[in-house]
Amino acid sequence: TVLAVGMSCLAAVHATLWQDCAAAENITGPRLHFSNVVSDPDPLHTGQQQIINKTGTSDIDATNFTSTFSQYWCVTDCHDKDGNIKWQTGLPWVRFLKINLKCPDSMCPVSAGKPFATSAVHPKLAALTPHGWYRSRQVYHDSSGKAIGCADMIIQYVK
């Protein structure tokens, strides 16, 4: 029992920080629902390659949709006075990249009522990439451009 509790506490220390951000993006009637996002490894160390796995369910059949990926870096003061990460966008989060992708992370197609799972392998970060907290906020859109879901993840990059 002690070992199991210790292992669960250890896992919690390195659990990927993420949230389904549909409500934060004011998406009414989200159609993609994220249930888990995991970075392997977490935290990410210099020279390591990262894999991001996302799971969830879909309320729609869709063969084609897009996602707007906004990438952020936390300059300073990433945590509140209680040590919790600050989730609001804007300072201290500085956006350094915004791109639109078709069928991101090979998510297409999705089927109504069915689970989905994605896996994205990221290349190693450039040698001069500063350490700190990084974030990816991904807003998904159907073929008409209507927002249908959102996933927001924060990963620490360390020496």
Side-chain angles (χ1 to χ4, degrees), residues 14-76 78-79 84-158:
H14 295 289
T16 303
L17 299 170
W18 75 276
Q19 63 181 357
D20 183 307
C21 50
E25 284 289 323
N26 296 315
I27 298 172
T28 55
R31 309 304 297 226
L32 295 177
H33 309 277
F34 292 88
S35 57
N36 199 20
V37 176
V38 175
S39 170
D40 182 22
D42 185 7
L44 181 65
H45 288 82
T46 304
Q48 289 182 319
Q49 188 171 34
Q50 181 185 40
I51 300 171
I52 301 289
N53 296 296
K54 292 180 275 193
T55 57
T57 57
S58 175
D59 294 343
I60 56 173
D61 291 321
T63 57
N64 188 17
F65 51 88
T66 61
S67 180
T68 301
F69 279 49
S70 294
Q71 308 289 22
Y72 299 87
W73 178 59
C74 185
V75 178
T76 184
C78 307
H79 297 83
N84 301 309
I85 201 83
K86 293 180 179 177
W87 282 97
Q88 76 278 3
T89 54
L91 290 176
W93 295 100
V94 176
R95 185 168 53 200
F96 63 89
L97 179 67
K98 183 177 181 181
I99 58 173
N100 293 313
L101 300 172
K102 291 184 180 182
C103 289
D105 302 335
S106 302
M107 279 181 68
C108 299
V110 293
S111 299
K114 303 281 184 177
F116 63 81
T118 69
S119 185
V121 178
H122 296 266
K124 294 176 186 177
L125 296 175
L128 297 178
T129 301
H131 293 100
W133 292 93
Y134 285 84
R135 168 182 205 169
S136 181
R137 189 173 185 105
Q138 304 160 8
V139 181
Y140 295 83
H141 303 89
D142 65 15
S143 57
S144 72
K146 180 182 178 195
I148 58 172
C150 183
D152 192 355
M153 62 216 68
I154 297 174
I155 311 294
Q156 189 176 22
Y157 179 51
V158 297

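Nothing here was measured: the structure is a model prediction, and the numbers come from that model.
Using a 4.5 Å cut-off on side-chain heavy atoms (C-beta onward), Phe69 and Leu97 make no contact. For the pair Phe65 and Cys103, the minimum side-chain heavy-atom distance is 4.5 Å or more. At a threshold of 4.5 Å between non-hydrogen side-chain atoms, the residues Tyr72 and Cys74 do not count as touching. Asn100 has its side chain out of reach of Thr66: every pair of non-hydrogen atoms, C-beta onward, lies at least 4.5 Å apart. Counting heavy atoms from C-beta on, the side chains of Val94 and Trp73 never come closer than 4.5 Å. Residues Gln156 and Leu44 have side chains not in contact (no heavy-atom distance under 4.5 Å, counting atoms from C-beta outward). Under the 4.5 Å side-chain criterion, counting only non-hydrogen atoms from C-beta, Leu32 is in contact with Met107. Residues Ser119 and Ile51 are in side-chain contact: their nearest non-hydrogen atoms beyond the backbone lie under 4.5 Å apart.
Looking at Asp142, its side chain does come within 3.5 Å of a backbone N or O of Ser144 through a donor-acceptor pair. A donor-acceptor pair under 3.5 Å links the side-chain atoms of Asp61 to the main chain of Ala112, judged by distance alone. Panel note: side chain Gln48, backbone His45; a donor-acceptor pair is recorded below 3.5 Å. Side-chain N or O atoms of Asp152 include none that pairs as donor or acceptor with a backbone N or O of Trp18 at under 3.5 Å. Between the side chain of Asn53 and the backbone N or O of Thr55 there is no donor-acceptor pair closer than 3.5 Å. Side chain of Arg135 to backbone of Trp87: a donor-acceptor contact under 3.5 angstrom is found.
Remark: Thr129 OG1 to Lys124 NZ distance equals 13.0 Å, nearest 0.5 Å. To the nearest 0.5 Å, the span separating CD on Gln19 from SG on Cys150 amounts to 7.5 Å. Taken to the nearest 0.5 Å, the CD1 atom of Ile154 stands 12.0 Å off from the NZ atom of Lys86. Taken from CG in Asn64 to NE2 in His141, the straight-line distance is 13.5 Å, to the nearest 0.5 Å. Going from atom CD1 of Ile148 over to atom CZ of Arg31 covers 8.5 Å, rounded to the nearest 0.5 Å. Going from atom CD of Gln50 over to atom CG of Asp40 covers 9.0 Å, rounded to the nearest 0.5 Å.
For the 3.5 Å distance criterion, the side chains of Gln138 and Lys54 qualify, holding a donor opposite an acceptor. No side-chain donor from either of His33 and Ser58 sits under 3.5 Å from a side-chain acceptor of the other.
Nearest heavy-atom pair across Cys21 and Arg137 is CB-NH2, 3.7 Å. Nearest heavy-atom pair, Val158 versus His131, reported as atom, atom and distance to 0.1 Å: C-CD2, 3.1 Å. Taking each heavy atom of Thr76 and Pro92 in turn, the nearest pair found is O-CB, 3.0 Å. Contact record, Pro130 with Tyr157: O-CD2, 3.5 Å, taken as the closest heavy-atom pair. Between Ile52 and Ser39, the shortest heavy-atom distance links the atoms CD1-CB, 3.7 Å. When all heavy atoms are compared, the tightest approach of Trp133 to Cys78 is CD1-SG, 3.7 Å.
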Working note: Lys98 + Thr68, criterion side-chain contact (heavy atoms from CB on, under 4.5 Å); need CA distance, chi angles, decisive distance, verdict. CA-CA 7 Å; Lys98 183 177 181 181; Thr68 301; 3.5 Å; yes
Evaluate the criterion side-chain contact (heavy atoms from CB on, under 4.5 Å) for residue pair Tyr134 and Trp93; output intermediate values, then yes/no. CA-CA 9 Å; Tyr134 285 84; Trp93 295 100; 5.9 Å; no
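Taking the six-membered ring where tryptophan is involved, the planes of Tyr140 and Phe34 are tilted, since the angle between them lies from 30° to 60°.
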